[in-house]
Q: 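Structure provided below as structure tokens; questions to follow.
Being a predicted model, the structure only gives us computed values, none of them experimental. Heavy-atom basis, side chains included; hydrogens, waters and symmetry copies ignored.
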Amino acid sequence: MKIRPMGMQARRRTGNIAYHLFMAVLCLTMIYPFVWSLFSSFKGREQLYTDSPLNILPEPPTLENYDRLFEVLPFERFVINSVILSVAIPLCMIAVASFTAYALTRLQFKGRNLLFLAFVATMMIPSHVTLIPNYKTIVDLNLYNTYTALFLTNVFTASNAFNIFFFRQFFLSIPKDLESAAIIDGCSRLGVFLRIILPNSKPAIATTAILSFRSVWNAFLMPMLIINDYDKMTLTVGLKYLKEWEPNWAVLLAGASLSIVPIVIVFLAFQKYFMNSNMNAGFGGT
């Protein structure tokens with residue numbers, strides 16, 4: 001008896017099923033550690049150390065780990081500091097990057113392309129190479145243990161170079177006719193930027209806001225080197241000291257879970273514009 005060959009449609013359906021099964025397993029593998037950490041932060045110490053890692057549900061759930069988290073160190077202060085810095089620094093980064101990118105895109109001046117290449121070249125230098133010079137500069141300027149140093153090392157270093165590159169590429173996709181019409185109507189160059197360019201750049205702004213927020217929120221090395229006052233420390237640095245003071249891993253998981261929540265909230269808030277940026281930003285133009 002001859003077996004009829006599988007049709008094109010059936011092969012395509014089988015391939016789609018196999019692809020989606022593979023992606024579901026891959027997503028589960030990537031998400032499971034985060035889900036386990038979150039649920040384990042509500043487990044008691046005995047269950048955490050004796051229970052199977054496949055059993056993620058706390059029995060019974062408890063808030064003792066979170067209570068202990070705020071007893072060991074001033075974690076409420078760490079959270080406030082991180083929120084303030086993670087909002088203020090990205091706003092400054094977006095302002096500087098967007099103004100710089102607009103100048104590199106629309107203003108005609110000698111050496112414009114060379115200056116842009118210099119900005120892009122800083123992205124290729126590992127941050128550890130400039131760590132000592134930046135630290136020495138901060139000490140010489142008497143900015144040690146100040147938030148000003150964190151602003152400077154994020155806004156005016158290679159940390160902001162990608163944002164300049166991203167805004168420039170997005171601005172190139174905006175038709176110049178919109179600006180020309182506004183200038184003919186009497187709008188200044190600054191007015192064109194504020195009223196025409198920025199309102200049409202919401203996807204780029206949202207993308208930059210998410211990436212900058214995540215970068216500042218997760219920053220560890222520079223805040224650890226610069227800030228040595230408990231009242232000024234960020235959450236990531238506080239987690240490092242928590243590990244030294246608290247042997248209970250359930251409390252550490254509570255702190256780690258707490259540090260993930262703001263990033264998820266920011267991404268969900270800007271998700272619509274973030275997706276539009278990925279699909280419609282366009283990296284073409286001259």
Q: Is there a donor-acceptor contact under 3.5 Å from the side chain of E246 to the main chain of L252?
A: no
Q: Would you call the rings of F42 and Y66 parallel, tilted or perpendicular, where under 30° means parallel and over 60° means perpendicular?
A: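 Tilted, since the angle between the ring planes falls between 30° and 60°.
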Q: Do W245 and L239 land in one hydrophobic cluster if side-chain heavy atoms of ILVMFWY residues count as linked below 4.5 Å?
A: yes
Q: Kindly indicate whether a cation-pi arrangement holds for R168 with F116, taking the cut-offs as under 6.0 Å to the six-membered ring centre and within 45° of the axis.
A: yes
Q: Considering non-hydrogen atoms only, spot the tightest contact between L85 and P90 and give its length.
A: O-CD, 3.5 Å
Q: Between V192 and Y102, is there a side-chain heavy-atom distance shorter than 4.5 Å?
A: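 Yes - at least one pair of side-chain heavy atoms lies under 4.5 Å apart.
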Q: Regarding D229 and N145, is there a side-chain donor-to-acceptor distance under 3.5 Å anywhere?
A: no
Q: Can you check whether V83's main-chain N or O pairs, donor with acceptor, with S86's side chain at less than 3.5 Å?
A: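 Checking the backbone N and O of V83 against the side chain of S86, no donor-acceptor pair under 3.5 Å is found.
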Q: Quick one: do E64 and R45 make a salt bridge, cutoff under 4.0 Å?
A: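 Salt bridge: no.
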Q: Does a sphere of radius 6.0 Å around CZ in R195 hold more than 12 heavy atoms from other residues, nucleotides or ligands, not counting ones at 6.0 Å or beyond?
A: no
Q: Check the surroundings of atom CZ in F151: do more than 12 heavy atoms from other residues, nucleotides or ligands lie under 6.0 Å from it?
A: yes
Q: So with a 6.0 Å cut-off around OH of Y144, is the heavy-atom count from everything else above 12?
A: yes
Q: Which atom pair, heavy atoms only, marks the closest approach of M123 to A161?
A: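 It is CG-CB, 3.5 Å.
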Q: Taking the side chain as every heavy atom from C-beta outward, state whether L221 and L131 have any atom pair closer than 4.5 Å.
A: yes
Q: Which residue is it: I197, T105, I205, T100? I am looking for the one with a side-chain contact (heavy atoms from CB on, under 4.5 Å) to F167.
A: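 Of the listed residues I197, T105, I205, T100, the side-chain contact (heavy atoms from CB on, under 4.5 Å) partner of F167 is I205.
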Q: Kindly say whether A254 contributes a backbone atom to a donor-acceptor pair with the side chain of N65 at under 3.5 angstrom?
A: no
Q: Below 30° counts as parallel, above 60° as perpendicular, anything between as tilted: where do the rings of Y230 and F78 land?
A: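 The arrangement is parallel - the two ring planes meet at less than 30°.
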Q: So which heavy atom on A204 is nearest to which on F170, and how close?
A: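 Between these two residues, the closest heavy atoms are CB-CG, 3.7 Å.
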